[in-house]
Visitor: 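There's a structure below that I have some questions on.
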Amino acid sequence: MIHAVYDITGCTMPAPDTGTLLDAMRATASQLGCTVLGELPVLFQPHGTTCVLVLAESHLTVSTWPEHQLAHLDVFTCRADIDPEHAITPILDVLGGRAIHGQRIHRTGPRSALPV
């Protein structure tokens, strides 16, 4: 399992339209080898967006704070064809930012959760 979170700072385009952001997220999911089952874009007033892709393999979310040139990205999948750091490039490109801080979170997989 892969669970990776990223803080994306210095975004030069911190408020992309949701269609553009969802396209970038779909490209990331495709590079990861994941299947998109659903999408939910939410716009906040006066600004900011959270977009969620529900994947057959779990989820991908992006939340933006345009007033701070900041976004947070959450990638959770039970499989990936490439490292998520490489797969998030389309999202970084759309936001015009860079992942300043990323971390992997250890998650217990279904097999390791079974009693011995």
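Both backbone and side-chain heavy atoms feed into the values below; hydrogens, waters and symmetry mates do not.
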Visitor: Do you reckon Val36 sits in the same ILVMFWY cluster as Ile88, going by side-chain contacts under 4.5 Å, direct or chained?
Guide: yes
Visitor: Counting N and O atoms only, with roles assigned by atom type, does the side chain of Arg79 sit under 3.5 Å from a partner on the main chain of Met1, one being a donor and the other an acceptor?
Guide: no
Visitor: Could you tell me whether a side-chain N or O of Thr28 sits under 3.5 Å from a main-chain N or O of Ala87, the two making a donor and an acceptor?
Guide: yes
Visitor: Please determine which of Asp74, Thr49, Thr50 meets the side-chain hydrogen bond (donor to acceptor under 3.5 Å, both in side chains) test together with Ser63.
Guide: Thr50
Visitor: Evaluate side-chain contact (heavy atoms from CB on, under 4.5 Å) for Glu39 paired with Leu53, printing each intermediate quantity in order.
Guide: CA-CA 5 Å; Glu39 302 175 355; Leu53 293 186; 3.4 Å; yes
Visitor: Is there a side-chain contact (heavy atoms from CB on, under 4.5 Å) between Leu37 and Leu55? Walk through the geometry before answering.
Guide: CA-CA 5 Å; Leu37 297 178; Leu55 307 174; over 6 Å; no
Visitor: Measure from the side-chain N and O atoms of Thr77 to the backbone N and O of Ile2, and report whether any donor-acceptor pair falls under 3.5 Å.
Guide: no
Visitor: Taking side chain to side chain contact (heavy atoms under 4.5 Å, CB included) as the criterion, tell me which of Asp83, Leu60, Val75 meets it with Leu32.
Guide: Val75
Visitor: How about CZ on Arg98, more than 12 heavy atoms from neighbouring residues, nucleotides or ligands closer than 6.0 Å, or not?
Guide: no
Visitor: Apply the test side-chain contact (heavy atoms from CB on, under 4.5 Å) to residues Glu57 and Phe76: give CA-CA distance (whole Å), side-chain angles for both, the deciding distance (0.1 Å), then the verdict.
Guide: CA-CA 8 Å; Glu57 301 80 9; Phe76 189 19; over 6 Å; no
Visitor: Between Val62 and Met25, is any pair of side-chain heavy atoms under 4.5 Å apart?
Guide: yes
Visitor: Just wondering, do His59 and Val54 contact through their side chains at under 4.5 Å, heavy atoms?
Guide: no
Visitor: Does the side chain of Pro14 come within less than 4.5 Å of Leu70's, by heavy atoms?
Guide: no
Visitor: Can Thr20 and Asp23 be said to form a side-chain hydrogen bond (donor to acceptor under 3.5 Å, both in side chains), step by step?
Guide: CA-CA 5 Å; Thr20 302; Asp23 286 344; 5.5 Å; no
Visitor: Tell me, with the steps shown, if Ile8 and Leu73 meet side-chain contact (heavy atoms from CB on, under 4.5 Å).
Guide: CA-CA 8 Å; Ile8 304 167; Leu73 172 58; 4.0 Å; yes
Visitor: Any chance you could lay out the side-chain hydrogen bond (donor to acceptor under 3.5 Å, both in side chains) test for Gln31 and His86, step after step, and finish with the verdict?
Guide: CA-CA 9 Å; Gln31 288 185 36; His86 301 294; over 6 Å; no
Visitor: In this structure, is the centre-to-centre distance between the rings of Trp65 and His47 below 6.0 Å?
Guide: no
Visitor: Does Thr64 reach the main-chain N or O of Pro66 with its side chain, forming a donor-acceptor pair under 3.5 Å?
Guide: no
Visitor: With a 4.5 Å heavy-atom cut-off, do Cys51 and Thr61 have their side chains touching?
Guide: no
Visitor: Just so I know, are the side chains of Asp93 and Thr89 near enough to count as touching, which here means a heavy-atom distance under 4.5 Å?
Guide: yes
Visitor: How far apart are the closest heavy atoms of Pro90 and Ala24, and which atoms are they?
Guide: O-CB, 3.5 Å
